[in-house]
Amino acid sequence: MALTYQTAGESHGPGLLAIVNGLPAGMAVDLDFINAELARRQGGYGRGGRQNIETDIAEVLSGVRNGRTIGSPVAMRIVNRDSRMDDAKRTPPVYTPRPGHADLAGSVKYLTTDCRATLERASARETAARVAAGALARCLLRQIAGAPDSPGVPIEAFGFTRSVHAEVSGVIVTEQSWRGLRSARDASETYCPDEEATARQREVIRRAKVEKTTVGGVVECHVFGLPPGAGSTMDWRDRLDSRIAAAVMGVQAIKGVEFGLGFECAARFGHEVHDPIGFDRSRVGAPSLGFVRSTNNAGGTEGGMTNGAPLVVRAAMKPISTLLRGMPSVDLNTKADAPSAYERSDVCAVPAASVVIENVVAFEVARVLREKFAGDSLVEIQDQYARFMAFARRLPLEDPQIEASDLNPPVKNEPRQA
Ligand code: EPS
């Protein structure tokens with residue numbers, strides 16, 4: 001069954017909804033984890049006043065019984081405390097579109113000069129619902145390798161702020177270091193696991209605020225514990241990298257996405273780009289099956305599939321388009337020049353975007369794993385996962401059919417009694 005999600009809701013409407021379909025039955029739902037991710041998304045230096053009003057908590061409306069999924073769609077609701085969309089005084093029409101926002105294109109699309117309806121849905125408030133969906137899918141990632149008789153390594157995602165404006169952190173993230181870095185990230189006001197870079201990033205955000213402008217940056221996400229072979233090379237729509245790119249580009253204010261070395265690989269020779277393949281017998285039990293790469297320029301994906309190395313995705317976020325200083329624009333009613341509208345907003349939402357990207361990337365990973373390891377219940381999926389890993393570790397299989405029956409003895413068909 002396909003793992004999918006749908007969100008609904010406006011920034012100043014009554015609330016947001018996320019509906020996740022295709023989760024197996026029997027999966028433990030860690031609501032504390034989901035809510036911790038929602039709280040993290042609300043934080044970070046540079047956020048505006050809205051986050052002092054909201055307390056994002058996911059309320060599960062369906063699909064869960066006694067803390068476990070039952071196979072039906074899981075609907076989650078996040079209430080908007082600042083709900084006032086129908087109050088014309090507090091939420092007036094907007095006639096001067098903000099350059100960089102959905103205002104102009106959306107108002108023309110819906111044949112109105114009021115940008116309000118479009119901007120309410122275009123608002124990045126909606127990312128709260130995507131974080132809830134992604135964090136729910138991460139419960140599956142953490143349990144998929146957990147077959148009772150052969151427990152494996154849980155699949156974990158780790159996102160952080162790489163840069164704000166030109167203030168870049170050189171921090172190196174590895175399979176060994178990421179858990180420690182996660183604590184450093186959580187102690188950082190910009191969600192960057194590098195104290196010195198955090199101070200520089202904080203300063204550039206502060207400066208942007210003083211100058212009544214906004215600032216963007218780059219966020220990075222790593223996914224650990226992935227086996228090779230998830231995703232597909234057979235159809236461009238099923239490639240893991242194309243799905244992740246679509247999911248990441250679908251996040252508000254994201255203008256670019258890259259994997260591993262990314263755009264830099266275009267300026268290098270082949271031998272300087274491709275990651276040499278080695279084999280380490282002592283690591284056969286790892287999710288990578290013992291295949292080792294001295295570099296990870298591919299970012300963990302080759303041919304649209306995981307290759308056993310950690311997935312590394314980066315996304316570039318533009319500065320938020322609501323500027324206190326305004327930008328040249330026109331009044332859509334009169335067509336006369338007028339500065340763009342200002343509404344309370346964030347100066348920088350790069351830290352929040354690192355949480356969003358971490359969760360939307362994780363959802364796509366869960367989606368391809370769900371496709372490879374089918375079944376209606378978690379135990380079936382865990383069993384398939386363990387079986388696949390067992391086969392892969394035994395490669396080369398002499399005759400896959402015989403090997404398969406070896407692992408799974410066929411049920412004998414007794415001749416029917418007359
Ligand atoms: C946003 C404008 C601001 C942000 C909002 C995204 O909202 P408001 O106008 O109510 O202050 O705070 O983001 C969120 C509310 C959120 O939870 O992330 C926009 O126009 O995109």
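Numbering of ligands and ligand atoms starts at 1, following listing order. Remember, predicted model here, so these are calculated numbers, not experimental data. All residue numbers in this chain count up from 1 along the given sequence.
- The closest approach between any non-hydrogen atom of E54 and ligand 1 is not below 4.0 Å.
- Other residues, nucleotides and ligands contribute over 12 non-hydrogen atoms within 6.0 Å of the CD atom of E203.
- At a 4.0 Å heavy-atom cut-off, ligand 1 touches H101 through the side chain alone.
- Counting heavy atoms of neighbouring residues, nucleotides and ligands inside a 6.0 Å radius, atom CG of L395 exceeds 12 of them.
- Protein heavy atom nearest atom 9 (O) of ligand 1, with residue, atom name and distance: R344 O, 2.9 Å.
- Other residues, nucleotides and ligands contribute at most 12 non-hydrogen atoms within 6.0 Å of the CZ atom of R65.
- The shell of residues lying under 4.0 angstrom from ligand 1, judged by heavy atoms, includes A124.
- The contact set between ligand 1 and H12, taken as ligand atoms under 4.0 Å from a residue heavy atom, comprises 8 (P), 9 (O), 10 (O).
- Close approach to D346 involves these atoms of ligand 1, each under 4.0 Å from a residue heavy atom: 4 (C), 12 (O).
- If you look at D56 next to ligand 1, there are no close heavy atoms at all, none under 4.0 Å.
- In this structure the side chain of T4 reaches within 4.5 angstrom of the side chain of R367, judged on heavy atoms.
- The single protein non-hydrogen atom nearest to atom 2 (C) of ligand 1 is S345 OG, 3.9 Å, given as residue, atom name and distance.
- Considering backbone and side-chain atoms together, R47 places an N or O closer than 3.5 Å to an N or O of ligand 1.
- For E195, the CD atom sits in a loose shell: 12 or fewer heavy atoms of surrounding residues, nucleotides or ligands are nearer than 6.0 Å.
- How far CD of E59 is from CD1 of I78: 10.5 Å, rounded to the nearest 0.5 Å.
- Looking from atom 16 (C) of ligand 1 to the surrounding protein, the closest heavy atom is Q51 NE2, 3.1 Å.
- Electrostatic pairing of R116 and E120 counts as a salt bridge here, judged by a charged N lying under 4.0 Å from a carboxylate O.
- Classified by interplanar angle (parallel below 30°, tilted 30° to 60°, perpendicular above 60°), the ring pair W178/F224 is parallel.
- Nearest protein heavy-atom contact of atom 15 (C) of ligand 1 is R125 CD, 3.3 Å.
- Compare R50, Q42, R41, Q252 by their heavy atoms: the one nearest to atom 18 (O) of ligand 1 is in R41.
- Looking only at heavy atoms of the protein, atom 1 (C) of ligand 1 is closest to S123 OG, 3.6 Å.
- When the shell of 6.0 Å around OH of Y110 is examined, it contains 12 or fewer heavy atoms from other residues, nucleotides or ligands.
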